[in-house]
Structure formats: C-alpha cells, structure tokens
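The structure displayed is predicted, hence computed values, not measured ones. The chains referred to below are lettered A, B, ... by the order of the sequence lines, with proteins before strands, and numbering in each begins at 1. Reckoned from all heavy atoms, side chains included, excluding hydrogens, waters and symmetry mates.
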Amino acid sequence: MPSFLGEALGDPPGLDGSENGLENRRDIGDILQQIMTITDQSLDEAQAKKHALNCHRMKPALFSVLCEIKEKTGLSMRSTQEEEPQDPQLVRLDNMLLAEGVAGPEKGGGAAAAVSAATSSGGMSPDSSLEHSDYKSKLSQIRTIYHTELEKYEQACSEFTTHVMNLLREQSRTRPVSPREIERMVAIIHRKFSSIQTQLKQSTCEAVMILRSRFLDARRKRRNFSKQATEILNEYFYSHLSNPYPSEEAKEELAKQCGITVSQVSNWFGNKRIRYKKNIGKFQEEANLYAMKTAIGATQSEESPHTPNSTGEMKQGSSCHGNKRNSYTKYM
DNA sequence: GTACATGATTACCG
DNA sequence: CGGTAATCATGTAC
C-alpha cells in the first residue's frame with residue numbers, strides 16, 4: 001500500500017514546509033510525512049502512529065470533508081454495473097465437466113467396479129478393460145488436479161476477500177466507506193477469481209477432450225476375437241444362413257458365450273453378412289466346414305432328422321410367416 | 001513390405 | 001433403431 005499512497009499523494013517537494021510558519025500547513029505536512037513513512041516502521045510503532053492520527057484534532061474535520069466529496073462523486077459511480085446473466089461459455093464448461101464426471105461428486109470405486117466387472121466376465125480380452133481402467137485413472141488424475149486447483153483458487157479468493165474487507169473496515173475509520181462499496185469490491189474480486197477459474201475449467205475440458213479422443217483412437221486399435229469366439233459366431237451364422245439375424249436375446253447369449261459385447265456381436269454379424277454376400281464363393285469352404293461341424297454335433301447329441309444346412313434350409317422360427325427375407329441361399 | 005483378414009466406424013436408408 | 005455398404009485402421013500370414 002505504500003505505493004498507493006505515494007502515487008495518490010505525489011511526492012510533495014519541500015515537505016518540511018518550514019519556510020512559512022502557518023501551523024495548519026505544518027500539521028498537514030507532519031501527517032503526510034507520517035503516512036509516507038508508516039511502512040518503514042514496526043507494526044507497533046505504526047499502530048501507535050495510526051492511533052495518534054486517529055486522535056488528531058484535525059481528523060474529524062478531514063473526515064467530514066472526505067465525506068462531503070464522496071457524497072458528490074458517489075452518485076456518478078452508481079449504476080456502473082448490472083449483474084451479467086452468467087457467461088454461457090462458463091455454463092457450457094460446467095455442464096461438460098459435470099457430464100464427464102470431473103466436476104461432480106466422486107464416484108467412489110466406480111473405476112474399480114468397472115474393471116472387476118470386465119475382468120470377471122470370463123475370457124474377455126483383458127485389453128479393453130485395461131484400456132478402460134487406464135482411461136479412468138487418467139480421468140481421475142485430471143479430476144484430482146482440477147479439484148485441488150479449484151480449492152486453491154477458492155481459498156485464495158476468500159483469503160483475499162477477507163483481507164480486502166479488513167482493509168476497508170480499517171480504512172473506514174479514516175475515510176467513508178459504504179457497505180455498498182465493500183459489496184462492489186467483493187464482487188470485483190470474485191469476478192477476477194472466477195475468470196481464473198474459467199481458465200482452469202477450460203484447460204481441464206481440453207485435457208478431457210484430448211484424453212477422450214486418445215481413448216477413442218485406442219478403441220480403434222482392434223484385437224481379433226479369440227478362435228473360440230469366432231468358432232461360436234460362425235457356427236451360429238452358418239446354421240442360420242437362411243436368416244442370419246440373431247434376435248436381441250440370441251445376441252446376448254452369443255456375447256456371453258464369446259466373452260464380447262452385444263454390439264461386438266452385432267458388428268460381427270453385420271460384417272459377416274455383407275462379406276458373405278459379396279463373395280459367397282470365398283466362404284463356401286468355411287460354410288461346408290461349419291455345416292459339417294453342426295452335423296457332427298447334431299448326430300452326436302441326438303439323432304437329428306435334419307440335414308444340416310449348407311444348403312440354406314431354414315432352421316429359424318422366424319420362417320413361420322414365410323417371409324424369409326435376405327435368404328442368401330439363392331446365391332448358392 | 002505387401003496383401004489380405006477383420007473388427008470398428010460412418011453415412012445413409014426405411 | 002437396426003440394417004447395409006463403404007471405409008478406416010489394425011492384425012496377421014507370406
């Protein structure tokens with residue numbers, strides 16, 4: 001604060017003012033001198049000086065003058081600010097952070113639960129769950145940083161606010177300070193700090209976005225399904241060749257058997273159908289192989305009356321309406 | 001390194 | 001929304 005005073009008062013030359021003997025002048029000069037040197041003194045000394053200043057006989061007069069000036073200028077700075085209706089950008093950031101689980105309450109054990117669920121689901125490729133937990137841990141890292149930083153800012157903000165308020169309260173003894181003024185000051189401080197917070201939120205959002213895109217890219221790094229899983233899927237496909245559209249339940253069952261997700265099953269069937277259709281010749285051998293397999297399986301488990309259908313016989317219940325759409329058998 | 005296989009993604013359709 | 005078709009990007013066999 002010495003700089004404030006220095007600037008405000010200027011560096012008046014000839015402070016001693018000994019040239020003219022006017023007592024008032026010397027009094028003011030003394031006061032200024034004291035103010036100028038107040039920071040060079042120890043706290044106790046300063047406190048004592050402050051007390052002396054407060055008790056100075058000129059003080060009430062000066063104070064009333066200040067009040068008068070303030071009264072006049074105060075009107076002009078009335079309607080300088082009207083509460084802005086919150087930055088939509090900030091709202092967006094908040095929403096995103098909340099949606100990504102960065103800003104919200106800590107999801108206790110969420111990551112651990114997900115990992116254990118993934119790993120306990122059997123022969124599923126551990127890779128996806130590993131990547132998933134990697135993503136989770138990175139996210140919680142971001143989250144931790146975000147929260148500690150946010151806390152730091154909040155603490156600093158409140159500390160600074162109380163500091164300023166104390167200062168103002170202190171100053172209100174020597175100059176008129178309206179409660180409204182204090183409010184404004186606090187508002188200004190909060191605005192400044194919240195702009196810093198916005199920056200923090202922005203960079204956190206960016207970090208999350210980068211992490212996300214990396215994770216999505218990583219998901220593209222596919223791993224082939226296990227031999228066993230492909231076996232099961234092919235078995236189903238070729239034994240339902242006339243209508244290779246597993247129902248939702250069937251997909252779930254297949255997913256469980258193969259240790260993959262339902263959407264992976266859907267992907268597989270989507271790819272298989274289109275690729276089979278595109279080049280049936282190429283798949284002929286495979287088709288025969290699985291037809292044979294199911295034939296063996298059928299004869300082993302029970303005397304099956306059907307000939308397993310490499311010829312595309314309908315085995316699916318959906319045929320009961322006669323609408324065997326997409327039957328690939330016509331290509332054979 | 002190349003060519004093919006394969007799982008995932010995307011645009012579009014009904 | 002679930003399907004098809006094209007495409008991407010990687011896995012894998014040679």
Heavy atoms from C-beta onward define the side chain here; which of B:dA8, C:dG3, C:dA6 lies closest to that of A:K251?
C:dG3
Identify which nucleotide among B:dT6, C:dA6, C:dG3 has an atom closest to any side-chain atom of A:R273, counting heavy atoms from C-beta outward.
C:dG3
Distance, rounded to the nearest Å, where [X] contributes [atom1] and [N] contributes [atom2]:
X      : N      : atom1 : atom2 : answer
A:W268 : B:dA5  : CH2   : C1'   : 13 Å
A:E248 : C:dG3  : CD    : P     : 8 Å
A:F225 : B:dG7  : CZ    : P     : 5 Å
A:R223 : C:dT10 : CZ    : P     : 14 Å
A:F237 : C:dG3  : CZ    : P     : 13 Å
A:I260 : B:dT6  : CD1   : P     : 14 Å
A:K272 : C:dG3  : NZ    : P     : 17 Å

A side-chain contact here means heavy atoms from C-beta on lying under 4.5 Å apart; do A:Y290 and A:F283 qualify?
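No. Closest side-chain heavy atoms not under 4.5 Å.
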Are the side chains of A:V164 and A:V186 in touch, meaning some heavy atoms are under 4.5 Å apart?
no
With a cut-off of less than 4.0 Å, is there a side-chain N or O of [X] near OP1 or OP2 of [N]?
X      : N     : answer
A:K282 : B:dC4 : no
A:K278 : C:dT4 : no
A:Q264 : B:dG7 : no

Taking everything shown except A:Q228 itself, do over 12 heavy atoms lie less than 6.0 Å from its CD?
no
Is there a donor N/O on one and an acceptor N/O on the other, under 3.5 Å, for the side chain of A:N271 and the base of B:dA8?
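Check passes, donor-acceptor contact within cut-off.
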Base C:dT7 paired with A:R275 side chain (donor-acceptor, <3.5 Å)
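When only heavy-atom distances are counted, A:R275 does reach the base of C:dT7 through a donor-acceptor pair under 3.5 Å.
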Are side-chain N/O atoms of A:N224 and A:R222 paired as donor and acceptor at under 3.5 Å?
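A:N224 vs A:R222: donor-acceptor pair found between side chains.
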